[in-house]
2 protein chains.
Amino acid sequence: MSTIKEIAEMAGVSRSTVSRVLNDSGYVSEDARKRVEKVIKETDYMPSVQAKSLRTKKTKVIGVIVPTIRTETSSRLVAGMDHVLAASGYQILLANTNQNREKELEFLQLLKVRQVDGIILAATNTNQALVDKLKALDVPLVVIGQEIDGVSNVLYDDYHAAKDLTQLLIEKEHKRIGFIGVDEKDRAVGYLRKQAFIDTMNQNTINIEKNWIQEAVFDIQSGYRAMERIVHDSNERPTAIFAVTDRLAIGAMQYLKQHNYQVPTDMAIASIGASEVSEHMTPPLTTVDYQNELAGEEAAKLLMHELINQESVSKKVMLGYRLLIRDSV
Amino acid sequence: MSTIKEIAEMAGVSRSTVSRVLNDSGYVSEDARKRVEKVIKETDYMPSVQAKSLRTKKTKVIGVIVPTIRTETSSRLVAGMDHVLAASGYQILLANTNQNREKELEFLQLLKVRQVDGIILAATNTNQALVDKLKALDVPLVVIGQEIDGVSNVLYDDYHAAKDLTQLLIEKEHKRIGFIGVDEKDRAVGYLRKQAFIDTMNQNTINIEKNWIQEAVFDIQSGYRAMERIVHDSNERPTAIFAVTDRLAIGAMQYLKQHNYQVPTDMAIASIGASEVSEHMTPPLTTVDYQNELAGEEAAKLLMHELINQESVSKKVMLGYRLLIRDSV
DNA sequence: AAAATATATGGTATCGATCCCACATTAATC
DNA sequence: GATTAATGTGGGATCGATACCATATATTTT
């Protein structure tokens, strides 16, 4: 791999001139430019990004922190970001926390040390340690999925989406509705969605049966077991289930089928996520499309905007959502 | 952010000594080491990775090129790699080609320029331009999913997996079997799986009906339409379908359900992929588990091995597979 | 006690770019 | 035609680390 010095010598100019050609900056005569470009083409020269970064403090790399890379939600998010970032010549340096909150902090530090030009964090919690770290970081930053004051956010409208979905079940004449949620430390998915469910039930003066409210973790098996508990833990059964993610709903449906409950006649089911297969289940699953890919794009756009304009006012983007009413309700 | 020079001054030693402490190299007195470590802790000093990389030519970054980040296959692969790489302090720089073959070449170049310590390529083809580029690259490299001479490979046993699956359908007394494949330019998924199907059919002297062999692309919709063509394009119907990926099978199943064919009584269906939902379909899908996560891990291990031992002999790892026989056949 | 070796430390060059300033030449303005 | 401004080019310093060599002292070996 050749260096700028060699290119300069071959083209009979100084390194400065080559640098000017490379960056299209300052004055360069047409003649010199052509000679330099010719040599660059002939030698397949590509400037060292390390040297460049050391000098300019820019890396053209964006750090992306996700709680997992296995799920559709995450991969769509990343795909959306990549779509926007690649267009501006940025690449993604991936950091996977495996749902480990400690690691969120570690990676924030690591990415900063790696001099990424910006960070996008798909957050799973809003605890104080995280908030403090984010504010101290001094790197352009966008957080997806959790509202944190003082930093830019791309937010899903968890509360209203969950409310609409609950309302839908109620409008379908359901009076006995179960709920499969997750840890409330996850404010968006755990707390807000549950709160919306509770509020909507209360506003419609519908009783909430405690045994029908179950907490699970983020996988299909866990949804299966939550459904099992709902069926076993009380004498009566609900006629509808609200699961906070598609995977939980899929697990729940699987349990129901195996135990000869008909969906939706014996039990209706609805969830949030709009996973690709939700449409291809039997029956197709009623769900909310959060358009994760769009969320990733929005986050990336926000970040690009901050990078270009150097501004550090934090912005909030509240994303829309679409109710996909299908045969499971 | 402070520099090594400042740390040296604060600790009353030279930059060289600080560097020795940081890298645990050469001779450092206990006394000096302690003073330096104290200052490092107090100032939260972290050495600039750019400067270090510029000097050492090492980045602790591995470039990963994938054809998409949306699918389960890819995200599992990446998850597996991350698992192994993170353990050795490497991070993943992601490059998504969006199924664009040109971009594979571009990204290989870009990653090299970015001085990644190694590259893992989840390849979708084996054309000459790619092979040439790979050989010219001079960066430790592992290719997943396609066999390319002279470079290290982690391979799925596409041929035998497809053979076993075809054989399974035959053993279930099927004599009329359709096939939904993809472009044969993808040697592994397109060509080998099809060839195994054809060979197995021939070996069992079962006639192959041309209209029942359809080519699709990698999504659910495409599987749906391929199934539609199979049903429409001839007077007779097959009694079983082999789809080369789960998503194609899911699409096919959806078509069958909508048109009141019972799976597996009217039409059996089997595929390759072992996607998470395959287990939760109605009926559960018979498929082959390639253990993509393991593949990612193997590829990363192979790469780590090359990096440590500096050796450049190319190795081949042929992965096992598991037939998951479920109710769809 | 001298020679050889191990331990400890610092200084300078270097990696490969960009930035800034000095200087030369050409063009524009009065 | 003199002054100012625009254009073009090169050289040295710099980013922040490591590599290598020189030198000083402590410890072993003969």
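Quick note: numbers below take in every heavy atom, side chains included, and nothing from hydrogens, waters or symmetry partners. Below, chains carry the letters A, B, ... as their sequence lines are ordered, and counting in each starts from 1. What you see is a predicted model; the values in this text were computed from it and never measured.
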Provide, to the nearest angstrom, the distance between the [atom1] atom belonging to [X] and the [atom2] atom belonging to [N].
| X | N | atom1 | atom2 | answer |
| --- | --- | --- | --- | --- |
| A/Glu6 | C/dG16 | CD | P | 8 Å |
| A/Ile4 | D/dG12 | CD1 | P | 16 Å |
| A/Leu54 | D/dG16 | CG | P | 7 Å |

Where the side chain of [X] is concerned, which of [options] is the nearest nucleotide?
| X | options | value |
| --- | --- | --- |
| B/Leu22 | D/dT7, D/dT18, D/dG10 | D/dT18 |
| B/Tyr27 | C/dT7, C/dT18, D/dA17 | C/dT7 |
| B/Asn23 | D/dA17, C/dC20, D/dT18 | D/dT18 |
| A/Lys57 | D/dG10, D/dC15, C/dA17 | D/dC15 |
| A/Arg15 | D/dG12, D/dA6, D/dT18 | D/dG12 |
| A/Ser48 | C/dA17, D/dG16, C/dT9 | C/dA17 |
| B/Arg20 | C/dT9, C/dC20, C/dG16 | C/dT9 |
| B/Ala32 | C/dC19, C/dA13, C/dT9 | C/dT9 |
| B/Arg55 | C/dT9, C/dA13, C/dC20 | C/dA13 |

For [X], answer base if it contacts any base atom (sugar-phosphate contacts may also be present), sugar-phosphate if it contacts only those atoms, and nothing otherwise; contact means non-hydrogen atoms under 4.0 Å.
| X | value |
| --- | --- |
| B/Val28 | sugar-phosphate |
| B/Thr3 | sugar-phosphate |
| B/Thr56 | sugar-phosphate |
| B/Val13 | sugar-phosphate |

Answer yes when A/Arg33 and A/Asp24 have at least one side-chain N-carboxylate O distance shorter than 4.0 Å, and no when they do not.
yes
Taking the nucleotide of DNA chain D with the closest heavy atom to each, which residue, A/Thr17 or B/Ala51, is nearer the 5' end?
A/Thr17
Go through the side-chain N and O atoms of B/Ser53 and B/Gln115 and say whether any donor and acceptor fall under 3.5 Å apart.
no
B/Lys316 atom NZ: more than 12 heavy-atom contacts under 6.0 Å:
yes
